[in-house]
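As the structure is a computational prediction, the values presented were derived from the model and not from experiment.
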Amino acid sequence: MNFEEIVNRITARFGEEMILSQELQDHPHSITVTSENIHPLCAFLKDEEELYFDQLSCLSGTDDGPKAGTLGVVYNLYSIPYNHHLMIKVKLPRNEENVKAPEIATVSDLWKTADWHEREAFDLYGIHFSDHPDLRRILLPADWEGHPMRKDYEAQEYYHGIKVKY
């Protein structure tokens with residue numbers, strides 16, 4: 001199944017408004033979708049017999065910067081039996097200081113590998129994955145301040161009295 005056929009299956013199931021844009025220059029080709037339906041979309045892509053995206057090879061957080069006002073999540077899906085790929089991108093509104101973190105539904109119940117990847121995106125970008133079974137820092141200590149991959153991150157000079165070298 002090619003990219004156009006996959007997009008047609010998605011729009012037939014969820015409607016044209018689900019896909020905000022398509023990028024044919026990306027490899028694999030990508031779609032940008034609304035965040036509200038990410039879990040039903042991913043469940044459909046995994047469970048639909050002719051699509052069967054059985055592998056989430058990577059989930060990454062992204063930061064478009066304070067001027068753009070968005071953070072993002074990128075899902076790289078692969079179907080081993082059908083040998084087709086799809087990249088899904090989601091944009092989330094950037095939160096300001098003392099404002100709730102951007103939130104998107106977990107897909108860790110669909111692909112076990114999402115558990116670690118979502119915790120990494122939470123730790124490094126501050127993206128909250130609702131209904132995640134164990135959303136806590138995975139790379140940094142629990143009391144670390146901020147999210148170091150964000151473009152507006154201000155590195156702390158000391159951690160527990162020890163000077164942090166960057």
Determine whether [X] and [Y] make a side-chain contact, defined as any pair of heavy atoms from C-beta on separated by less than 4.5 Å.
{"X": "Thr34", "Y": "Glu17", "answer": "no"}
{"X": "Thr32", "Y": "Val90", "answer": "no"}
{"X": "Asp134", "Y": "Arg136", "answer": "yes"}
{"X": "Lys163", "Y": "Glu157", "answer": "yes"}

Open item on the list: Once ring-ring contact (aromatic ring centres under 6.0 Å, His included) is applied, what residue pairs with a partner in residues 105-152 remain, sequence neighbours excluded?
Closed with: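 The answer is Trp144-Tyr159.
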Could you tell me whether a side-chain N or O of [X] sits under 3.5 Å from a main-chain N or O of [Y], the two making a donor and an acceptor?
{"X": "Lys46", "Y": "Leu110", "value": "yes"}
{"X": "Ser30", "Y": "Ile88", "value": "no"}
{"X": "Gln55", "Y": "Leu77", "value": "no"}
{"X": "Asp47", "Y": "Tyr52", "value": "no"}
{"X": "Asp123", "Y": "Arg119", "value": "no"}

Task: Neighbour count above 12 (heavy atom, 6.0 Å) for Gln156 CD - done: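 More than 12 within 6.0 Å, yes.
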TODO: Take atom CG of Asp131 as the centre, draw a 6.0 Å sphere, and report whether it contains more than 12 heavy atoms from other residues, nucleotides or ligands.
DONE: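 Count not over threshold, so no.
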What's the spacing between [X] [atom1] and [Y] [atom2] if we round to 0.5 Å?
{"X": "Ile138", "Y": "Leu135", "atom1": "CD1", "atom2": "CG", "answer": "10.0 Å"}
{"X": "Lys89", "Y": "Ile31", "atom1": "NZ", "atom2": "CD1", "answer": "11.0 Å"}
{"X": "Leu86", "Y": "Ser79", "atom1": "CG", "atom2": "OG", "answer": "11.0 Å"}
{"X": "Asn76", "Y": "His85", "atom1": "CG", "atom2": "NE2", "answer": "10.0 Å"}
{"X": "Leu92", "Y": "Ile104", "atom1": "CG", "atom2": "CD1", "answer": "5.0 Å"}
{"X": "Asp152", "Y": "Lys67", "atom1": "CG", "atom2": "NZ", "answer": "14.0 Å"}

Can [Y] be reached from [X] by stepping across I, L, V, M, F, W or Y side chains whose heavy atoms are under 4.5 Å apart?
{"X": "Leu139", "Y": "Tyr153", "result": "yes"}
{"X": "Val33", "Y": "Leu20", "result": "no"}
{"X": "Leu45", "Y": "Val74", "result": "no"}
{"X": "Ile127", "Y": "Met149", "result": "yes"}
{"X": "Val73", "Y": "Met87", "result": "no"}

Would you check if there is a donor-acceptor pair between the side chains of [Y] and [X] at a distance under 3.5 Å?
{"X": "Thr70", "Y": "Asp64", "answer": "yes"}
{"X": "His84", "Y": "Asn2", "answer": "no"}
{"X": "Asn83", "Y": "Tyr78", "answer": "yes"}
{"X": "Asn95", "Y": "Arg150", "answer": "yes"}

Open item on the list: Quick test of your reading: applying salt bridge (charged side-chain N to carboxylate O under 4.0 Å, His left out), list the pairs with at least one residue in residues 103-116, sequence neighbours left out, ordered by first then second residue.
Closed with: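 Counting only pairs at least two positions apart or across chains, the salt bridge (charged side-chain N to carboxylate O under 4.0 Å, His left out) contacts touching residues 103-116 are Lys100-Glu103.
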Task: Validation row, ring centre Tyr82 to ring centre Phe53 under 6.0 Å - done: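 Between Tyr82 and Phe53, the centre distance exceeds or equals 6.0 Å.
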Testing the basics here: between [X] and [Y], what is the closest heavy-atom pair and its distance to 0.1 Å?
{"X": "Phe3", "Y": "Gln22", "value": "CE2-OE1, 3.4 Å"}
{"X": "Pro133", "Y": "Ser108", "value": "CD-OG, 3.4 Å"}
{"X": "Pro102", "Y": "Leu71", "value": "CG-CD1, 3.5 Å"}
{"X": "Leu41", "Y": "Met18", "value": "CB-CE, 4.2 Å"}
{"X": "His39", "Y": "Ala105", "value": "CB-CB, 4.1 Å"}
{"X": "Gly146", "Y": "Arg137", "value": "O-NH2, 2.7 Å"}

Task: Check ion pair Lys151-Asp63 (N to O, under 4.0 angstrom) - done: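 Between Asp63 and Lys151 there is no salt bridge, as every charged N stays at least 4.0 Å from the carboxylate O atoms.
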TODO: Determine, for Arg9 against Glu50, whether the closest basic-nitrogen to carboxylate-oxygen distance falls under 4.0 angstrom.
DONE: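 Looking at Arg9 and Glu50, the cut-off is met.
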Open item on the list: Please determine whether side-chain contact (heavy atoms from CB on, under 4.5 Å) holds for the pair Ile6 and Ile10, giving the CA-CA distance in whole Å, both sets of side-chain angles, and the decisive distance to 0.1 Å.
Closed with: CA-CA 6 Å; Ile6 294 167; Ile10 293 169; 4.1 Å; yes
